[in-house]
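Here is the structure we will look at, set down as structure tokens.
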Amino acid sequence: MKRTLWIALVAVLFFWLSHPTFAALVCGDRAKVIASLLAHYAEEPVAVGVTSNGGVIEVLSAPDGQTWTILFTRPDQVTCLLASGESWQDIAPVPASRGDPGDPA
């Protein structure tokens with residue numbers, strides 16, 4: 001009985017720790033990461049934002065939107081890949097409606 005319980009526990013831990021949340025980040029020098037994404041996927045920055053800790057979040061996309069990548073760059077210029085995928089689509093901003101308290105018009 002103890003052996004069966006032990007095997008079950010090990011199996012659960014294996015699958016839990018292999019979940020993408022626990023996967024190691026892929027990081028490197030920012031210039032090299034950007035150059036690699038441009039060379040292999042024709043991806044270039046399409047959006048950027050500064051985080052509260054001084055890091056930078058960037059979204060890169062191929063011109064046709066076929067591939068995209070989200071990067072986080074620390075203040076020391078180490079860049080880590082956070083996510084990547086296919087079928088990026090730009091969404092046009094929706095203007096605020098009249099009468100909205102945040103709308104100056």
Practice prompt. Apply side-chain hydrogen bond (donor to acceptor under 3.5 Å, both in side chains) to Ser61 and list each qualifying residue two or more places apart in sequence or on a separate chain.
Written response: none
Item to complete: May I have the step-by-step check of side-chain contact (heavy atoms from CB on, under 4.5 Å) for Leu60 and Ile34, ending in yes or no?
Response: CA-CA 9 Å; Leu60 291 82; Ile34 297 290; 3.8 Å; yes
Check residues 80-90 and write down every donor-acceptor pair under 3.5 Å in which the side-chain atom is one partner and the other belongs to a residue at least two apart or another chain.
unit_1	atom_1	unit_2	atom_2	d
Trp88	NE1	Asp90	OD1	3.1

Discussion item. Side-chain heavy atoms under 4.5 Å apart, restricted to Ile/Leu/Val/Met/Phe/Trp/Tyr: what other residues fall into the cluster of Val56, or is it alone?
Written reply: Val48
Worksheet entry | Derivation and outcome, side-chain contact (heavy atoms from CB on, under 4.5 Å), residues Trp68 and Val46 | CA-CA 10 Å; Trp68 57 267; Val46 295; over 6 Å; no
Worksheet item: Taking only residues at least two apart or on different chains, which pairs with a member in residues 56-85 satisfy salt bridge (charged side-chain N to carboxylate O under 4.0 Å, His left out)?
Response: Arg30-Glu58, Arg74-Asp76
Practice prompt. Would you list the pairs meeting salt bridge (charged side-chain N to carboxylate O under 4.0 Å, His left out) in which at least one residue belongs to residues 36-50, sequence neighbours left out?
Written response: none
Worksheet item: Any ring-ring contact (aromatic ring centres under 6.0 Å, His included) pairs touching residues 32-58, not counting sequence neighbours?
Response: none
Item to complete: Kindly indicate whether the side chain of Val33, heavy atoms from C-beta on, has any atom under 4.5 Å from the side chain of Thr73.
Response: no
Practice prompt. Drop me the distance from Phe72's CZ to Thr51's OG1, to the nearest 0.5 angstrom.
Written response: 4.5 Å
Item to complete: Search all heavy atoms of Pro75 against all heavy atoms of Gly54 and return the closest pair with its distance.
Response: CG-O, 3.7 Å
